[in-house]
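Here is how names work: the chains are called A, B, and so on, in the same order as the sequence lines, proteins then strands, and each is numbered from 1. Fair warning: this is a prediction, and the values are worked out from it, not measured in the lab.
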Amino acid sequence: MSDLWGLGDDGFEEVQRPTPLGAGGGSAHGAIPEALLAGLNPPQREAVEHRGPALLIVAGAGSGKTRVLTHRVAGLLATREAWPSQILAITFTNKAAAEMRERVEQLVGEESRGMWIRTFHSACVRILRREAEEFGFKDSFTIYDSGDVRALLKRLIKERGADITGLTPGGVAARISKAKNELHDVDSWARTASLDNPLDAAFLEIWREYDRELRRANAFDFDDLISQTVFLLRAFPRVAAQYRKRFRHILVDEYQDTNAAQYALIRELTQPVSRGELPDLRDDLPGASLTVVGDSDQSIYAFRGADIRNITDFERDFPGARVIMLEQNYRSTQNILSAANAVIGNNFDRRAKNLWTDSGDGAKIVGFTGYSGHDEAQFVADEIVELTGGGMAYSDIAVFYRTNAQTRALEEVLIRTAIPYRVIGGTKFYERAEIKDAMAYLVTVANPADALSLRRIMNVPKRGIGPATEAALQAFADEHDITLRDAMRRVDEIALGPKVAGAIKDLAALLDEFSARPDADPGEVLRELMSRSGYTDQLRRSPDPQDAARLENVEELIAVTREFRRQNPGGTLIDFLTETSLVAAADELDDSGGQVSLMTLHTAKGLEFEAVFITGVEEDLLPHRMSANEPGGPAEERRLFYVGITRARQRLHLSLAMTRAQFGEVNPAVPSRYLEEIPADLIDWRTPPTTMRASAQPRALGRWRDEPREQFVTGYRTPPPLPKGPKKEFANTITEVRDNSGLELAAGDRIRHKDFGEGTVQAVTGLDKKRVAEVRFDTAGRKRLLVKIAPIEKL
DNA sequence: TGTCCACCAGTTTTT
DNA sequence: CTGGTGGACA
């Protein structure tokens, strides 16, 4: 997908070509080739063939919506109803966009070039860059991620002493984000707020200052990308008319996740264009035809402003809309679907929908209750060994959890068991300090107005430019109404020591040198910046072994920029920065690499796996404690569980623990209310949740204590005895210095394991650091152990 | 200015 | 248990 970012060749000029047909044409075009319709079921086929102003495809999980969407686009192209450049397809992730483009290309080949298949954010960036000059921005603007936003807010809050009022960067960021997603700006919000409230007044002031800083830095935050595009289209009718005329067919994926700003964007783009709005337009043009695909049962982003009413009210919003339901599922077994249907059926207030499949019941859902999170993780690892032993690939297996904190126990056990895995999302590469430093250098070069990035690198590596010096520079900048960067160039006019002044001048000269070459190869720019700034040297000289790893990361980033340039010949620094700002967790997932995928339930949406583990199915985790107070919280959490269940094709595992460790404290855990909602006969409990923990019963869950459901009684078996020996030290077992690489092991050897007790080695495979022992323990069963780090001794 | 240490608070999901 | 912050000292 080399043109994912649409560098060049976006076919905008094709607007000038004759328009094949307006939207809602209907019959004048040729028939859709049978090849594009073959193999579709009746509603799918109708969804591909229907023509009209608006179409809502209610696509249940696994009902083939991507197929429908891509065939629909291919149909528009194949019949010449639309030029590629007249199609705008919007997704939420780059991965979804890439997949769609690829599949359309497979269907119609080169024909598909020039389509806009992009995420909301990248489409908006595209429009904003193109029109930047029009409304007073420079097209070199950069994008602040949530870390940048927090850093900036932190400074602003502190500067005004607003921290004592209780305003936190996180809280303010969330409020601003929410407001922007509802298309408020500072002034419109101020009108609705009661400014008698000192907290609101302080918030408003911070927000105003924050926006001003962004403007000065020539930067947008994430929410601005959408809302500013909407404002742009509203404020400049001629610009709006251009895009309305250009995009004749607009398709939106995951429509249930759109927020108010995104909805407004769609509305703007689907307005008709009247004669006279554009000089070369001879006739009135109807609004673009709109196709949206979504499933309100999979709406899990309300916390981010997604408004489920956008999809439930679609028919009212777009008169003449057609609604098509896709309910046949091609992904999962009937057992999995029955569980999913039963769970989601507890959400009232939804359009009834019933997923079904004709592919058979499949295996039962496997349930497990562990003593602790580690015990649960061990179950996951054991099952994975079992599954892969039966021929399943690691990459066909995924483990889901509600919160990122849950990965620790899982990772620890997976490492110990030598199961290759990958954490999707989580602590990301781009969040590491050294990567942020390196990126800040690039941002500073690309966007000299950005003071935030400049501040970050000003004294990294150490140049003797401390807070006092920085403040002096800033004061000079404010006084002369210039940027911080300009102030650095005029350092001679500021009374500073000669050493400091020299350091500042050197840095400014280095940055300016590259700023002057915006089209240079980003990889080269980064390599030179890192070496000439002394950044790499500083890491290389450091005695701290961690710095060696940091150096590697910086080199990895250089490799990434090189790869970017290779994929996008001529791609500029700004292009690279835009790409990296807009990557989402799910984008990291490339199907290559035989690894188990670990991710949050949110990240899992839109993906599918042969075998799925949903862990931590407990109260306070799923549903999460924080959701309890929010309106619609429990229902949204239920949808989240539903999304998780429906990711599984063949095998589904639900697990929980009786105790959960958080902050080093161990707390009792209670089975999730959602477990009760799954019919008992669908689950095969290896170890059922017990009702023995009277102390752990929360008030709201009387049922678990008072009238335990049959499923837990019939499935009941005595849990295995706790491993003996000294109390468990799970935490940090991995980082503990242990190196068994010298240990000779062979089949038949007897060993003792810290947790599992004594056992017999069955086989040893792998080499050196990757040596894996398969051991049959006397009480704990069969386990795989990574010899190098296993807490074992030979007997 | 830089470094070290002790204390503190905050912990959901993320385009 | 983590990361961030602020103070004390070199």
Protein-nucleotide distance (A:Gln406, atom CD; C:dT2, atom C1'), rounded to Å: 17 Å
Please verify the inter-ring angle class for A:Tyr255 with A:Phe314; under 30° counts as parallel, over 60° as perpendicular, anything in between as tilted. perpendicular
Length of the NZ-P vector between A:Lys180 and B:dT14, whole Å: 21 Å
Base, sugar-phosphate or nothing for A:Asp620? Non-hydrogen atoms, less than 4.0 Å. nothing
In whole angstrom, give the distance that lies between atom CG of A:Asn181 and atom C1' of B:dT15. 9 Å
Does the side chain of A:Val293 come within less than 4.5 Å of A:Val252's, by heavy atoms? no
Show me the protein contacts with nucleotides 6-13 of chain B, counting only N or O atoms at under 3.5 Å.
from	atom 1	to	atom 2	distance (Å)
B:dT12	O4'	A:His624	NE2	3.4
B:dT12	O2	A:Arg402	NH1	3.3
B:dT12	O2	A:Arg402	NH2	2.6
B:dT12	O4	A:Glu630	OE2	2.6
B:dT13	OP1	A:Asn404	N	3.0
B:dT13	OP1	A:Asn404	ND2	3.1
B:dT13	O4'	A:Arg402	NH2	3.1
B:dT13	O2	A:Arg402	NH2	2.6
B:dT13	O2	A:His602	NE2	3.3

Within the structure shown, what part of the strands sits under 4.0 Å from A:Thr469 by heavy-atom distance: base, sugar-phosphate, or nothing? sugar-phosphate
Check each of A:Asp185, A:Asp223, A:Asp211 against A:Lys180 using the side-chain hydrogen bond (donor to acceptor under 3.5 Å, both in side chains) test, and report the only one that passes. A:Asp211
Nearest whole angstrom, please: distance from the C1' of B:dT15 to the CG of A:Asp224. 14 Å
Whole-Å distance separating the NZ atom of A:Lys178 from the P atom of B:dT14: 20 Å
Sub-4.5 Å side-chain heavy-atom contact between A:Phe609 and A:Ser597: yes
note: A:Arg118, atom CZ; B:dT15, atom P; distance rounded to Å ~ 18 Å
Report yes or no: does A:Asn459 contribute a side-chain atom to a donor-acceptor pair with the main-chain N or O of A:Gly464 at less than 3.5 Å? yes
How many whole angstroms separate atom CZ of A:Arg126 from atom C1' of B:dT15? 20 Å
Taking only residues two or more places apart in sequence, or in another chain, which ones meet A:Glu470 in a side chain to side chain donor-acceptor pair (under 3.5 Å)? A:Arg455
Taking only N and O in the side chain of A:Thr91, is any of them less than 4.0 Å away from OP1 or OP2 of B:dT15? no
Spacing between A:Glu412 atom CD and C:dC1 atom P, to the nearest angstrom: 12 Å
Has A:Arg639 got a side-chain atom pairing as donor or acceptor with A:Ser299's backbone, closer than 3.5 angstrom? yes
